[in-house]
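Right, one structure below, let's go through it.
Being a predicted model, the structure only gives us computed values, none of them experimental.
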Amino acid sequence: MKKKGKISYAKYGYIFSIPFVLAYLIFSLYPTLYTAIIGFTDLRGVGKTSWHFLKITNFFDNYKTILTLPTFHVALKNTIKLWVCNFIPQMILALLLSAWFTNRRVKVPGEGAFKVLFYMPNIITAATVAILFGALFGYPMGPVNDVLTRFHIIDKPYFFLQNKSVAQGIVMFIQTWMWYGYTMIIIISGVLGINPEIFEAADIDGANGWQVFWKITIPSIQTILLFTLVTSLIGGLNMFDIPNLFVRDSGPDNATLTTSVLIYTMAFKGGYMYNRASALSMIMFLIIVVCSAALFFSMRDKEEVRLKKLKKQEMKARKLAMKNEAKGVKNE
């Protein structure tokens with residue numbers, strides 16, 4: 001009798017992953033590598049397929065040009081400012097709502113409906129949101145101007161998007177409004193993954209809600225917070241849709257010009273400088289990689305790192321002891 005071999009289903013996993021791998025290679029990896037390459041070339045213009053690598057002495061000219069470009073400095077400052085000023089209130093809102101929805105002592109009526117309503121702005125496309133807020137703050141007949149003049153808060157319609165601070169503030173608000181619900185859902189999923197016995201023990205010990213939140217909840221979801229921070233960093237430094245669609249020509253004095261909008265402008269408007277746009281893309285890629293690595297390092301589990309070091313030291317000590325024992329046996 002022949003023994004029946006065990007059936008391995010591992011190959012089906014590889015087969016099902018082929019479409020994703022092919023899509024990644026064609027639509028993600030290849031464009032990234034091609035972008036990195038043409039940053040060292042003289043490629044410009046629409047319809048020009050021939051390009052040449054720069055000379056060795058001028059190999060980094062595109063990068064030098066971008067790094068010394070005043071518009072790049074403005075765009076980078078705007079990008080960082082817009083991200084930080086929408087991420088902070090976004091996280092505060094998400095944490096407060098998560099604490100409210102996961103509080104064991106408070107039962108929120110209609111909890112599911114509230115979660116759907118808070119998450120809904122994230123479902124709406126950026127183009128739709130830009131058109132919506134563009135209409136709301138329109139001049140001179142927008143609803144916001146109409147309400148303000150009707151209640152005599154202002155004497156005449158105000159052109160909001162001609163003010164640098166107001167234009168930036170509206171973009172920050174839109175980004176916060178769109179993404180706080182998503183961040184809230186991620187944090188809630190992390191909180192629900194904490195062992196309920198920990199909260200029960202805290203209740204028995206007499207800890208109040210604030211102490212439970214800061215001493216148990218926040219440390220327990222540190223990995224989730226790191227995930228939200230890194231993904232928000234990547235999305236924030238690639239901010240494009242709202243700044244590009246909401247404010248025409250980046251607003252007054254390039255108030256809402258971000259690095260992604262600048263890349264788009266360089267590549268597809270004016271001089272069609274594909275080489276410089278590619279160089280700027282790779283500079284932003286490096287900035288994101290460095291910042292993400294710094295976040296991972298600063299928010300690492302220090303206790304876990306300490307335990308790993310202790311284990312390594314113990315392993316070394318055991319190996320050394322075994323070697324000494326072996327030498328002692330030989331000498332005898």
message: Which heavy atom of Ile221 sits nearest to which heavy atom of Ile194, and what is that distance?
response: CG2-CD1, 4.0 Å
Check: Ile188 main-chain N/O paired with Thr102 side-chain donor or acceptor under 3.5 Å: no
task: Name the orientation class of the two ring planes belonging to Phe160 and Tyr158 (parallel below 30°, tilted from 30 to 60°, perpendicular beyond 60°).
output: perpendicular
- request: Might you point out which heavy atoms bring Met178 and Ala126 nearest each other, and give the distance in Å?
  value: CE-CA, 4.4 Å
- prompt: If you measure from OG1 on Thr258 to CG on Leu76, what distance do you get to the nearest 0.5 Å?
  reply: 10.5 Å
- prompt: For the side chain of Thr176 and the backbone of Asn86, is there at least one donor-acceptor N/O pair under 3.5 Å apart?
  reply: yes
- request: Spell out, as yes or no, whether a donor-acceptor pair under 3.5 Å connects the side chain of Asn244 to the backbone of Phe240.
  value: no
task: Evaluate the ring planes of Phe59 and Phe40, with Trp represented by its six-membered ring, and classify them as parallel (under 30°), tilted (30 to 60°) or perpendicular (over 60°).
output: parallel
message: Show the nearest heavy-atom pair for residues Lys156 and Thr149, with the distance to one decimal.
response: C-CG2, 3.9 Å
query: Does Ser28 reach the main-chain N or O of Leu25 with its side chain, forming a donor-acceptor pair under 3.5 Å?
result: no
message: Students often mix this up, so state it plainly: with edges at 30° and 60°, are the rings of Phe20 and Tyr24 parallel, tilted or perpendicular?
response: parallel
- prompt: Ignoring hydrogens and geometry, is there a side-chain-to-backbone donor-acceptor pair from Asn163 to Ser165 under 3.5 Å?
  reply: yes
field: Shortest non-hydrogen contact from Thr256 toward Gly251
entry: OG1-N, 3.9 Å
- prompt: Shortest non-hydrogen contact from Leu161 to Val247?
  reply: CD2-CG2, 4.4 Å
message: Can you confirm whether Ile185 sits close enough to Phe118 that some side-chain heavy atom of one is under 4.5 Å from a side-chain heavy atom of the other?
response: no
- prompt: Can you tell me if OH on Tyr139 sees more than 12 non-hydrogen neighbours from other groups inside 6.0 Å?
  reply: yes
message: I'd like to know if the side chain of Asn78 and the backbone of Leu257 have a donor-acceptor N/O pair within less than 3.5 Å.
response: yes
query: Rounded to the nearest 0.5 Å, what separation is found between the CG atom of Leu97 and the CD1 atom of Ile187?
result: 9.5 Å
- prompt: Is there a donor-acceptor pair closer than 3.5 Å between any side-chain N or O of His52 and the backbone N or O of Leu43?
  reply: no
message: Does Asp249 have more than 12 heavy atoms from other residues, nucleotides or ligands lying within 6.0 Å of its CG?
response: no
Non-neighbouring partners of Ser292 that pass side chain to side chain contact (heavy atoms under 4.5 Å, CB included), sequence neighbours left out: Val230, Leu233, Ile234, Ile288
- request: Just say parallel, tilted or perpendicular for the rings of Tyr264 and Phe268, cut-offs at 30° and 60°.
  value: tilted
- request: Without swapping roles, check the side chain of Thr183 against the backbone of Trp179 for a donor-acceptor pair under 3.5 Å.
  value: yes
query: Which atom pair, heavy atoms only, marks the closest approach of Leu245 to Ala130?
result: CB-CB, 3.6 Å
- prompt: Any donor and acceptor pair, going by atom type alone, linking the side chain of Trp83 with main-chain N or O of Gly235 inside 3.5 Å?
  reply: no
- prompt: Should we say atom CZ of Phe159 is surrounded by more than 12 heavy atoms from elsewhere, each under 6.0 Å from it?
  reply: yes
field: Under 3.5 Å: donor-acceptor pair, side chain of Asn145, backbone of Gly138
entry: yes
- prompt: If you draw a 6.0 Å radius around CG in Asp155, do more than 12 non-hydrogen atoms from other residues or ligands fall strictly inside?
  reply: no
